[in-house]
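Here's the structure, in structure tokens; my notes come after.
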Amino acid sequence: MFVEYEELYKAYLDCRKHKRGSANCQAFEIDVTRNLYLLWKDLNNGTYKIGRSIAFIVHHPKDREVFAADFRDRIVHHLIIRRLERLLDEEFIEDSYSCRKGKGTLYGIRRCEEQMRECSNNFTETCYILKGDLKSFFVTICKSLLYARICRMIEEKGGYDEETQNFMEHIISLIVFNRPQDNCIFKQPLSEWSCLPKDKSLRFCDDDHGLPIGNLTSQIFANLFLSDFDHFVKKVLGFLYYGRYVDDFYIICKDKEALIQAIEKIKAYLAEIGVTLHPKKIYIQEVKKGVQFLGQNIKPFGTLIARKSIGNLCAKLYDFNRFVMWHETNEKDIDRRDMEYIISSINSYYGYMRQAKSYKERKKVAHSQVIQPLLDYAHFDKDYTKLIINDCKQAA
């Protein structure tokens with residue numbers, strides 16, 4: 001037996017967190033016992049096949065193509081990542097910040113600030129920061145290189161017996177080499193894709209390139225794909241102060257010329273794995289001028305929230321307001337779970353913002369027109385750090 005039922009059930013519990021309001025999750029939970037049993041049976045019998053994804057375009061914070069896997073397949077993603085978590089953590093450097101417990105965006109911002117302070121002796125000495133970004137990263141990932149990298153990790157560090165190792169590699173191959181664009185449900189008309197250049201869409205990828213944005217495995221496997229690049233920067237190029245969040249990275253050094261020379265070496269290394277350094281998103285400047293990283297401006301006197309982050313919050317509020325106003329116009333009650341999801345989503349932005357010096361910005365948004373429809377259902381605490389659902393007027 002390759003998968004114990006209890007192990008699959010734990011993966012299911014992980015998968016349904018924050019997803020219980022989705023149609024896919026609800027459909028699966030109508031007969032969850034039977035559906036889990038059939039999935040368990042398929043995995044152990046070698047008959048598991050990947051289902052259809054739902055494809056759509058999101059416009060915030062920028063235009064992206066998303067392929068959301070079927071809930072059943074998401075459970076398998078969580079199952080695989082649970083098994084690989086220990087191995088993956090051993091592969092990653094300390095300053096790889098994506099999809100790791102305790103090492104998300106806020107951790108990355110704090111580490112970047114710490115490294116800026118350390119390299120510049122608390123901003124009293126001159127040093128420089130190089131910022132770089134990878135062009136169309138997920139679409140350009142080479143699947144065969146990625147799969148070989150994962151298999152090498154499993155074979156060297158997994159400690160599995162031969163049958164279990166073959167099972168793991170088989171399931172991972174199904175996930176990595178799947179082409180969701182060939183068998184998906186388009187949630188929006190294809191005209192929505194007109195905003196995307198061809199080099200940012202899986203629809204124009206060949207069989208050996210591109211991972212779908214929207215899957216847990218895509219995020220974590222993409223991180224592993226660049227883990228050797230992290231070690232290259234740290235060990236081969238010899239930079240002590242470095243960090244990366246998905247395709248966005250920085251290097252801090254007192255020697256500006258060393259950073260300039262590093263750019264060509266980085267380009268050459270990335271070219272070997274089929275990835276390109278975005279030519280318009282490379283810059284070097286003194287750390288005392290600050291740097292924008294993961295939605296915050298890191299300055300010598302502290303961190304400020306970036307204007308782009310405020311814009312993303314307002315765009316999200318606008319979408320939610322349309323949802324609320326549609327229900328009011330059509331005299332329909334809003335399900336309490338929907339309202340809890342809306343409030344939770346907004347609070348995640350506010351929770352992120354309060355980690356920076358952002359009281360004025362939080363207050364300004366709280367008193368703006370864009371949030372007013374939601375204030376019939378919720379109110380802010382006194383410091384504008386979170387929204388609280390009203391007792392007097394609740395969703396049904």
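The six-membered or imidazole ring of Tyr9 lies away from that of Trp40, with a centre-to-centre distance of 6.0 Å or more.
Using a 4.5 Å heavy-atom cutoff, the side chains of Asp228 and Tyr269 are in contact. Within the 4.5 Å cutoff, no side-chain heavy atoms of Thr126 are placed close to those of Lys254.
Residue Leu190 is not grouped with residue Phe204 when hydrophobic side chains (ILVMFWY) are merged at heavy-atom distances under 4.5 angstrom, including chains of intermediate members.
Of the listed residues (Glu91, Arg244, Arg100), just one forms a side-chain hydrogen bond (donor to acceptor under 3.5 Å, both in side chains) with Asn223, and that residue is Arg244. Only one option out of Glu118, Gln115, Glu114 pairs with Tyr241 in a side-chain hydrogen bond (donor to acceptor under 3.5 Å, both in side chains); it is Glu118.
Defined by atom type and a distance below 3.5 Å, a donor-acceptor pair is present between the side-chain atoms of Gln296 and Thr303. A donor-acceptor contact under 3.5 angstrom links the side chains of Asp95 and Tyr97, judged on distance only.
Remark: Glu264 engages Lys267 in a salt bridge, criterion side-chain N to carboxylate O under 4.0 Å. Checked for salt-bridge contact, Asp383 and Arg354 miss the test: no charged N lies under 4.0 Å from a carboxylate O. Comment: Glu192 does not engage Lys187 in a salt bridge, judged by the lack of any side-chain N to carboxylate O separation of less than 4.0 angstrom.
Classification of the Phe137-Phe225 ring pair by plane angle, with boundaries at 30° and 60°, yields tilted. Aromatic ring pairs are classed by plane angle as parallel below 30°, tilted from 30° to 60° and perpendicular above 60°; the pair Tyr242 and Tyr250 is tilted. The aromatic rings of Tyr350 and Phe380 sit tilted relative to each other, their planes meeting at an angle between 30° and 60°. Note on ring orientation: taking the six-membered ring where Trp is involved, the planes of Phe323 and His327 are tilted (angle from 30° to 60°).
The closest donor-acceptor contact from the side chain of Arg179 to the backbone of Asp206 lies under 3.5 Å. Although no hydrogens or angles enter the test, the distance criterion places a donor-acceptor pair under 3.5 Å between the side chain of Ser218 and the main chain of Pro212.
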